[in-house]
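Right, one structure below, let's go through it.
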Amino acid sequence: MEIDLNQFRDAFFQEASELADELESGLLRLRSAPDRDVLDRIFRAAHSIKGNAGMFGLDPIVRLTHSIESVLDRMREGTLARDEGSIGTLLSATDELRGLLRADGPGAAGPERPPAVEAALRALCRAAGEGVSPEENAAPTGSVRAGAAGREHNAATLRVPVEKIDKLVRLTGEIAVAQAVLAQASAGALPASDREQALNLLGAQVRELQERVLALRMVPVSTVFARLPRLVADLETATGKRAVLELCGSETELDRTVAEGMADPLMHLIRNAVGHGVEPAEVRKAHGKPEAGRIRVSARHQGGYVVVEVTDDGRGLDTEQIRRKAAQRGLIRPQRTLTEDQIHDLIFLPGFSTADEVTDVSGRGVGMDVVRRNIEALGGAVTLSSSKGEGTTVRIRLPLTLAIVEGLLVRCGESIYLVPFSAVRESLRVSRGGVYGGPETAPLLRVRDELVPMYDLPDLVDSPAGDASRNIAVVLEDDGNRIAILVDEVFGQHQVVVQAIEANYRKIPGLLGAAILGDGRIALIVDPAGLFESAQRRGSRKENRGGSGRE
Amino acid sequence: MAAGVNEAPARGTGYLTFQVGAQQFALDISKVQEIRGYAPLTPLPGTPSSLPGVMNLRGTVVPVMDVRRRLGMQGREYDRFSVIVVATKGSQTVGLLVEAVSDVVSIARADANPVPPEGGGAPVEAVALVGDRVLTVLDLEKLWRDNGDELAA
Amino acid sequence: MKRRILVVDDSFAMRRMLGATLEAAGYEICQASNGSEALAVLDAGGVDLIVSDVNMPEMDGISFVRKARSRAGSRFLPIIMLTTENTTARVLEGRDAGATGWLVKPFHPAKLVEVVAKFLV
């Protein structure tokens with residue numbers, strides 16, 4: 001009867017993250033105005049997380065949410081004021097909670113000491129006149145213990161609206177019917193024109209199926225927009241400026257990997273808008289603008305793309321200053337004549353960073369060149385337009401559907417390859433003693449108590465081998481067979497957008513496609529089946545001495 | 001079937017001229033998307049030497065052809081002085097590696113001598129005389145189709 | 001024939017976990033994410049036992065139990081409540097509303113199976 005309850009941890013983490021988001025947006029609302037309903041709602045959210053975390057034995061989360069709940073309870077009772085200080089502490093607690101939810105499954109390996117924010121929460125409760133209520137059901141002995149090797153919550157599951165699945169089910173039913181008709185047709189039971197028609201219909205249905213299945217990967221852009229209100233609130237506090245955020249088109253859908261990849265660049269653009277674009281309140285007033293800057297983030301579908309725009313009504317780009325800075329840094333020749341748009345485009349050059357940079361709230365240094373590279377790695381493009389004194393608009397264009405592959409990124413000489421994870425078993429360093437076989441056989445690599453034929457990766461894809469003294473082997477498996485491929489370096493796990501090489505050239509045997517990495521380089525995505533075929537062809541040329549090992 | 005082999009270029013159509021080896025070539029300007037300087041190329045396995053690799057053109061993987069090699073000349077070092085002409089071939093975007101790009105000229109019907117279709121396998125649409133320059137008008141489709149690849153694009 | 005259990009909880013993670021636990025124990029499961037949905041399922045018939053969370057928005061568990069008890073089809077069905085609270089007052093409230101049993105969160109899912117088995121012979 002024992003079932004592994006750890007499979008539900010993903011569901012718990014996903015749900016808890018959503019509740020944490022609700023908690024945060026509710027707190028932000030309460031920051032501007034009291035609202036009994038909101039307060040009740042977020043109390044319940046914290047309570048839910050606590051209850052569920054308890055079921056999985058995630059004690060640090062239980063403790064933290066219990067503290068959050070205690071503070072919210074006192075606010076509900078009216079013994080604690082809903083003010084900047086208490087909301088601020090609760091927001092920090094929510095951040096801490098998110099951190100715990102993102103971490104590698106806290107479980108038994110939780111933080112040694114309770115986070116500082118818990119002490120702050122307890123202090124708030126004391127200030128309200130009573131201690132924190134004794135923890136009900138803390139450290140339960142009867143609950144499920146999370147596995148010691150906590151799985152990384154990597155969103156390996158999807159929440160999909162039921163109606164999308166219903167449509168798919170209907171469609172597969174229609175395809176089954178179409179196939180039956182064709183079967184009849186090929187048996188000669190139908191006239192040729194019907195056959196043609198049935199084939200066309202089936203073709204259309206299969207295409208629709210492909211589109212709909214890919215569409216399951218779509219999420220509304222609101223998942224990315226969700227982080228922005230909090231970011232703007234924090235930036236207001238950090239810079240002393242005032243800004244109003246407007247979000248449009250939140251329901252616009254895009255591929256979830258694109259959405260995830262777009263989050264950081266988008267946040268950077270917001271930081272720029274508040275940090276550089278929006279002027280201080282007095283300056284704005286002097287210019288006849290409303291004291292609070294207006295930042296509008298919109299998303300819409302256009303053709304086969306999703307267009308996301310960030311517009312601010314701040315000071316706009318100073319063309320002269322940009323040109324001067326670029327010339328100063330040797331990025332352009334001083335005498336070159338450039339249009340205003342071309343000058344604006346200069347800010348995307350690496351090495352171009354504007355002065356008086358606002359301290360990045362997360363401490364990271366990011367430039368517009370990284371924004372552009374990140375967007376391009378998703379198959380998209382970034383442009384901007386600006387008017388001095390009036391504001392700036394940054395426009396991001398992203399493709400609507402994608403094929404994504406996750407794999408191991410490796411290097412052989414100058415070339416970079418991605419090996420899809422579906423085929424990768426492990427990688428290991430090759431020592432001379434671990435390789436068997438004489439000159440007649442393909443070298444055999446010893447992997448524990450198995451001998452696996454070993455090949456140079458460039459050799460298998462018909463590339464010039466170059467310097468062949470590689471000593472890292474990646475073991476691949478396909479349908480029960482195993483081979484090892486030699487590479488120079490293993491970079492680690494990467495998820496990439498597949499570009500079909502035949503889109504602009506032709507299909508290359510042995511490759512699934514190409515991908516543009518975050519740094520602009522191109523990686524070749526190998527086709528595992530192709531590697532095995534290639535290995536087989538080589539193997540049949542040599543006489544294989546078999547697996548007893550010693551030569 | 002290559003379009004336009006029997007027809008001279010239309011009156012007054014613009015052509016981008018560029019240098020490869022000692023010769024000057026021309027390409028219908030409406031097919032030219034942009035001109036780029038050096039860009040790192042990633043070689044593709046199993047491709048002829050006239051295809052040194054693909055480049056990252058603002059997020060799209062674009063093949064780049066070494067026109068020198070393609071036309072049977074010996075290759076040259078690919079360096080920062082190289083020029084890539086990015087062109088549109090139907091729905092595809094391709095790159096042509098050339099030595100230098102000159103100007104855009106108009107070629108009048110009267111000045112162009114179409115190359116007969118069976119006249120060799122050269123990817124040439126016509127040969128034109130503009131001023132005292134001899135320009136070989138390239139057939140972009142044929143240039144790519146017969147690139148020593150077994151599989152047609 | 002398999003006995004059918006209705007799991008009512010607004011948490012999707014909990015529904016999945018409890019549902020899978022009970023299915024592995026040999027029961028058939030149907031789910032509802034709130035009180036109204038649950039009442040609709042009850043009206044359709046075929047439910048042998050109800051497992052319900054107390055802490056739910058709109059209609060909380062106690063109200064749901066009261067409503068379920070007022071319907072002919074579910075007047076005598078075993079209803080097991082799941083709650084984080086174990087104060088005497090709350091337990092009595094639940095009992096008065098008509099709950100058959102009470103499990104305090106967090107609990108080991110195996111315990112739920114034990115309790116369910118007691119009421120479904």
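Letters A, B, ... are given to chains in the order of the sequence lines, protein chains preceding strands, and every chain is numbered from 1. In this text the structure is predicted, and so the values were computed from the model without any measurement. Below, each value reflects all heavy atoms present in this structure, side chains not excepted, and no hydrogens, waters or symmetry copies.
When all heavy atoms of A514(A) and V61(B) are compared, the closest pair comes out as CB-CG2, 4.1 Å.
The shortest distance between side-chain heavy atoms of T42(B) and S415(A) does not fall below 4.5 Å. Side-chain contact between Y505(A) and L51(B) is present, with at least one heavy-atom pair separated by less than 4.5 Å.
In R300(A), the CZ atom is crowded: over 12 heavy atoms of neighbouring residues, nucleotides or ligands sit closer than 6.0 Å.
Only the side chain of L511(A) comes within less than 4.5 Å of a heavy atom in chain B; its backbone stays farther off. In this structure, the portion of V94(B) lying under 4.5 Å from any heavy atom of chain A is its side chain and not its backbone.
N504(A) places no side-chain N or O within 3.5 Å of a backbone atom of V62(B) that could act as its donor or acceptor partner. N56(B) places no side-chain N or O within 3.5 Å of a backbone atom of I522(A) that could act as its donor or acceptor partner.
Residue with the most contacts toward chain B among R521(A), E414(A), E376(A): E376(A) (heavy-atom pairs, distance under 4.5 Å).
Between the CD1 atom of I501(A) and the CG atom of L44(B) there is a distance of 5.0 Å, given to the nearest 0.5 Å.
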